[in-house]
Amino acid sequence: MDESPPDPTAALLARADGPVTRRRIGRDLAALGLAEGDTVMFHTRMSAIGYVAGGPPAVIGALRDVVGERGTLVVSCGWHDALPYGFTGWPQPWQDAVRAEHPAYEPESSEADHDHGRLPEVLRRWPGAVRSRHPDVSLAALGAGAAELMADHPWDDPHGPGSPLARLVEVGGRVLMLGAPLETLTLLHHAEALADGPGKRFVEYEQPLLEGGRRVWRRFRDIDSSGGAFDYSAVTPSGQDPFETIVRDMLAAGIGRRGTVGAADSHLFEAAEVVDFGLAWIREKAGGVR
C-alpha cells in the first residue's frame, strides 16, 4: 500500500500551534503596537507566520482591521516583467524584438515582482488600491491616504525626494517587518537616495510604459538599488546583506519594537527613525557625507 504524501501544511500548523486566523493576526499586530489610523508599509514572509487561514487576504484583512478606515497600507511592488537593465547589450535582433513588442507597464494590470512575495500582488489588485506610475520601483497603497502617497512618483531618483517613500516619512508612517528578512526593509533605499558621497553608484535604464494611452519608451536614472548605492563591503560581515547589518545595528540601538505575529518574529519601526538611522550609518560607515 502506497504511503500518503506528507501534508505540506503540517509544518506550518506546528509552527504556530494551529491555524493563524485573521483575528489572531489582528490581536498580535495590536500588541506589537500597530494602531488605528496608522500609515504602514509592510514586508511579509507568509511561511514565517504559520498556516494562515485564508492566506494573504486574511493578512491584509487583519491589517485593515487594526489601522481602520483612517489608516493606509503600503507595499513595494516593482514589476515582474520589467526588462533587465542590460538588455541594450543584447544582440540587435533581440533588442529590436523587445522594443517592438515588449508589453508596456500598466499600474492597474502589470504583475508585481515575485521577489516581493505574495502580499504585494494581492494588495495591488484589491478594490480601491492605488499603484504608483514608476515601472521599475512601483509601490501600491490601500486606504485613506493611498492616492496622495502614490501620486506623481518621480521618473528619476524614484527612491528620493517626492517619492512614495519620502511621503511615508512625511506623514509619520511606520514600517512593519512581518516575519520578513531584515534586508528587505525597502525604506533604507530612501536613506541611500538622500545620502551623498564619493563612489555613489547609479544606474540608467529604459522601460516601456503608457503615456496618454500610447506605448512609449522612457529612460530612467536611479541609485543602484540592486548592487548597492555605496560600497558596503568593508563595513558588513562577509555574506551578510548591508541592509541586514543596518537593521541589526538599529535594533541594537534600541530602535523599533519586536514581537510575534502568529509564529513570525516581527518588528515595527517609525519610518523617520529608519531613515535618520540609515543616513547616519551611511555617513559614518560607507562614506555618505550629506
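Note that the structure is a prediction, hence the values are computed from the model and not measured. The first residue of the sequence shown is numbered 1, and numbering continues consecutively from there.
In plain terms, the two heavy atoms of G162 and P154 that are nearest each other are O-CD, 3.5 Å. Between D113 and D115 the shortest heavy-atom distance is OD1-N, 2.9 Å. Smallest separation of non-hydrogen atoms from S138 and S132: CA-OG, 3.3 Å. Residues M150 and P164 share a closest heavy-atom pair of CE-CB, 3.7 Å. Minimum heavy-atom separation, L268 to L34: CD2-N, 3.6 Å. The shortest heavy-atom contact between F230 and A286 is CD2-O, 3.8 Å.
A salt bridge is defined here as a Lys NZ or Arg NE, NH1 or NH2 lying under 4.0 Å from an Asp or Glu carboxylate O, and E206 with R218 fails to meet this definition. A salt bridge links R258 with D265: the distance from a Lys NZ or Arg NE/NH1/NH2 to an Asp or Glu carboxylate oxygen falls below 4.0 Å. Residues R167 and E148 are not paired through a salt bridge, judged by the lack of any N-O separation under 4.0 Å between the basic side chain and the carboxylate.
Under the 3.5 Å distance criterion, the side-chain polar atoms of D28 are matched with a main-chain donor or acceptor of G262.
Residues T39 and L73 have side chains not in contact (no heavy-atom distance under 4.5 Å, counting atoms from C-beta outward). For the pair R219/Y205, no side-chain contact is recorded, criterion being any heavy-atom separation below 4.5 Å from C-beta on. Annotation: side chain of L32 is in contact with side chain of S266 (closest heavy-atom distance under 4.5 Å). Counting heavy atoms from C-beta on, the side chains of V74 and V40 never come closer than 4.5 Å. In this structure, R23 and I25 have side chains that are not in contact, with every pair of non-hydrogen atoms separated by 4.5 Å or more. Using a 4.5 Å heavy-atom threshold, the side chains of H267 and H43 count as separate. Between L139 and M41, the closest side-chain pair of non-hydrogen atoms falls below 4.5 Å.
Between the CD1 atom in I255 and the CE atom in M250 there is a gap of 6.5 Å [rounded to 0.5 Å]. The line from CD1 of I60 to CZ of R64 is 9.0 Å long, rounded to the nearest 0.5 Å. Rounding to the nearest 0.5 Å places CZ of R99 at 8.5 Å from CG of D96. Considering CG of L63 and CZ of R22, their distance stands at 10.0 Å, rounded to 0.5 Å. The distance from atom NE2 of H153 to atom CG of L149, rounded to the nearest 0.5 Å, is 11.5 Å. To the nearest 0.5 Å, atom CG of residue D196 and atom CD1 of residue I282 are 11.0 Å apart.
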Which pairs of donor and acceptor atoms, one on a side chain in residues 119-129, lie under 3.5 Å apart (sequence neighbours left out)?
residue : atom : partner : partner atom : Å
E121    : OE1  : A112    : N            : 2.8
E121    : OE1  : R124    : NE           : 3.1
E121    : OE2  : R124    : NH2          : 2.8
R124    : NH1  : E108    : O            : 2.9
R124    : NH2  : S109    : O            : 3.3

Side-chain donor-acceptor pairs under 3.5 Å in residues 175-185, sequence neighbours left out?
residue : atom : partner : partner atom : Å
T184    : OG1  : P181    : O            : 2.6

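Within the structure, every pair that satisfies the ring-ring contact (aromatic ring centres under 6.0 Å, His included) test and touches residues 165-201, not counting sequence neighbours, is listed here: H159-H189, H189-F243.
Within a 6.0 Å radius of CD in E69, no more than 12 heavy atoms belonging to other residues, nucleotides or ligands are found.
Checked against ring pair (Phe, Tyr, Trp, His ring centres under 6.0 Å), Y105 has the following partners two or more places apart in sequence or in another chain: W79. Partners of S110 by side-chain hydrogen bond (donor to acceptor under 3.5 Å, both in side chains), not counting sequence neighbours: none found.
Membership of the apolar cluster around W217 extends to L83, F87, W90, W94, V98, as traced through chained side-chain contacts below 4.5 Å between ILVMFWY residues.
Annotation: cation-pi pair R221/F202 present, NZ/CZ under 6.0 Å from the ring centroid and within 45° of its normal. Relative to the six-membered ring of W155, R133 meets both conditions, a distance below 6.0 Å and an angle of at most 45° to the axis.
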